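In what follows, a structure is listed as structure tokens, so that the remarks can point back to it.
Just so we're clear, the structure is a prediction, and the values are computed from it rather than from any experiment.
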Amino acid sequence: VGLILMCLSMLALPIIAKFKNDWTWGEMASSKIGTQSFRDLFVVVLLVYPTVSGKAMEFFRCREIDGKQYLMADYSIKCYDSRWYTFLPVVLGVLIFFSAGTPLAIAYALYTRAEGLYDDAGKAIPQPLDILFAIYQPNAYWYESVQMCFKLGLWSTLVFFDHGAVLQLATALVVNVMHLCIHLMVLPFG
């Protein structure tokens, strides 16, 4: 709910400007206010992505106490009872559409615009999406979506394994080594 309110507040300025100036939606999106709001929205999504995804994954972390499973994030909720199943569709929606969908949507959006992201000299062309690709080399414009996937992988090691367990540390090490190998192969920063 907080994320939705934050996103709506960022979009409030362009919406108010649209109704005050009687702009079309296309004019508003291409205006300075619309471009800045679009960029700010992506900054917020990039900042909250790991936390929201991690909190959604915590919904599946249960602990057995006296023969009953309890949600570790909130011990007042029993796992796999009617209350837990009530929240399940919301959590699955967040995991599918936000956690998995955001990196896929970013990769797709950048892939479809790949020709117009950089000029002939390899410098990023200013545009609303430049927050997602401008820091990377032209051949690695898609790398932000890879970064997001590795953040998701690291969060999953925190959630799905016991704290400090050998398997948790080993999985986190594997995720980090894979990230390092891909980073060295791609060299996204040059």
Can you establish whether the number of heavy atoms outside Tyr111 located under 6.0 Å from its atom OH is more than 12? no

Nearest heavy-atom contact between Pro103 and Ala100 is CD-O, 3.4 Å

Give, for atom CD1 of Ile125 and atom CD of Glu115, the distance between the pair rounded to the nearest 0.5 Å. 10.0 Å

Linking I/L/V/M/F/W/Y whenever any side-chain heavy atoms sit under 4.5 Å apart, do Val146 and Val174 land together? yes

In one Ile/Leu/Val/Met/Phe/Trp/Tyr side-chain cluster, 4.5 Å: Met72, Val159: no

CD1-CG distance between Ile96 and Leu104, expressed to the nearest 0.5 angstrom: 12.0 Å

Angle class for the Phe189/His183 ring planes (parallel below 30°, perpendicular above 60°, tilted otherwise)? tilted

hydrophobic_cluster_shared for Val90 and Tyr85, side chain cutoff 4.5 Å: no

Are Gln137 and Pro188 side-chain neighbours, meaning at least one heavy-atom pair lies under 4.5 Å? no

Does Thr157 use its side chain to pair, donor to acceptor, with the backbone of Leu154 at less than 3.5 Å? yes

Connected via hydrophobic side-chain network under 4.5 Å: Phe150 and Ile135: yes

Going by an N to O cut-off under 4.0 Å, is there a salt bridge joining Asp81 and Lys68? no

Looking at Glu58 and Lys55, is any side-chain nitrogen of the basic one under 4.0 Å from a carboxylate oxygen of the acidic one? yes

Rounded to the nearest 0.5 Å, how far apart are OG of Ser53 and NZ of Lys151? 10.5 Å

Report yes or no: does Thr112 contribute a side-chain atom to a donor-acceptor pair with the main-chain N or O of Ala109 at less than 3.5 Å? yes

Side chain to side chain, Leu92 and Phe97, heavy atoms closer than 4.5 Å: no

Can you find a pair of side-chain heavy atoms, one from Phe98 and one from Val45, that are under 4.5 Å apart? yes

Could you grab the distance from atom NE2 of His179 to atom CD of Gln147, nearest 0.5 Å is fine? 4.0 Å

Spell out, as yes or no, whether a donor-acceptor pair under 3.5 Å connects the side chain of Trp142 to the backbone of Ala107. no

Would you say Asp130's side chain and Ala134's backbone share a donor-acceptor pair under 3.5 angstrom? no

Heavy-atom side-chain contact between Asp162 and Arg61 under 4.5 Å: yes

Mind checking whether Gln168 and Phe160 have side chains closer than 4.5 Å, heavy atoms only? no

Any idea which heavy atoms bring Pro89 and Thr86 closest together, and the distance? CD-O, 3.4 Å

Is there a side-chain contact between Ile106 and Phe133, using heavy atoms and a 4.5 Å cut-off? no

Test log, rule side chain to side chain contact (heavy atoms under 4.5 Å, CB included), inputs His163 and Leu158: CA-CA 7 Å; His163 178 69; Leu158 290 173; 5.7 Å; no

Any heavy-atom pair between the side chains of Tyr143 and Val186 that's under 4.5 Å? yes

Leu110 reachable from Val43 in the ILVMFWY side-chain graph, under 4.5 Å edges: yes

Look up atom CD1 in Ile182 and atom SG in Cys149, then write down how far apart they are to the nearest 0.5 Å. 9.5 Å

In Å and rounded to the nearest 0.5 Å, what is the NZ to CG distance from Lys123 to Leu117? 15.0 Å

Please check if the side chain of Tyr49 supplies one atom and the backbone of Ser99 the other of a donor-acceptor pair under 3.5 Å. yes

Go through the steps to decide whether Phe59 and Leu71 satisfy the test side chain to side chain contact (heavy atoms under 4.5 Å, CB included), and finish with yes or no. CA-CA 7 Å; Phe59 185 74; Leu71 188 65; 4.3 Å; yes

Quick one: ring pair (Phe, Tyr, Trp, His ring centres under 6.0 Å) partners of Tyr80, sequence neighbours excluded? Trp84

Provide the closest heavy-atom pair for Val91 versus Ala56 in the form atom of the first, atom of the second, distance. CG1-O, 3.3 Å

Side chain to side chain contact (heavy atoms under 4.5 Å, CB included) assessment of Arg83 paired with Ser76: CA-CA 10 Å; Arg83 188 173 171 197; Ser76 69; 4.1 Å; yes

Are Ser145 and Tyr108 side-chain neighbours, meaning at least one heavy-atom pair lies under 4.5 Å? no

Ala114: what forms a side-chain contact (heavy atoms from CB on, under 4.5 Å) with it, not counting sequence neighbours? Tyr141

Could you go step by step and tell me if Leu132 and Phe42 meet the side chain to side chain contact (heavy atoms under 4.5 Å, CB included) rule? CA-CA 8 Å; Leu132 301 173; Phe42 271 107; 3.8 Å; yes

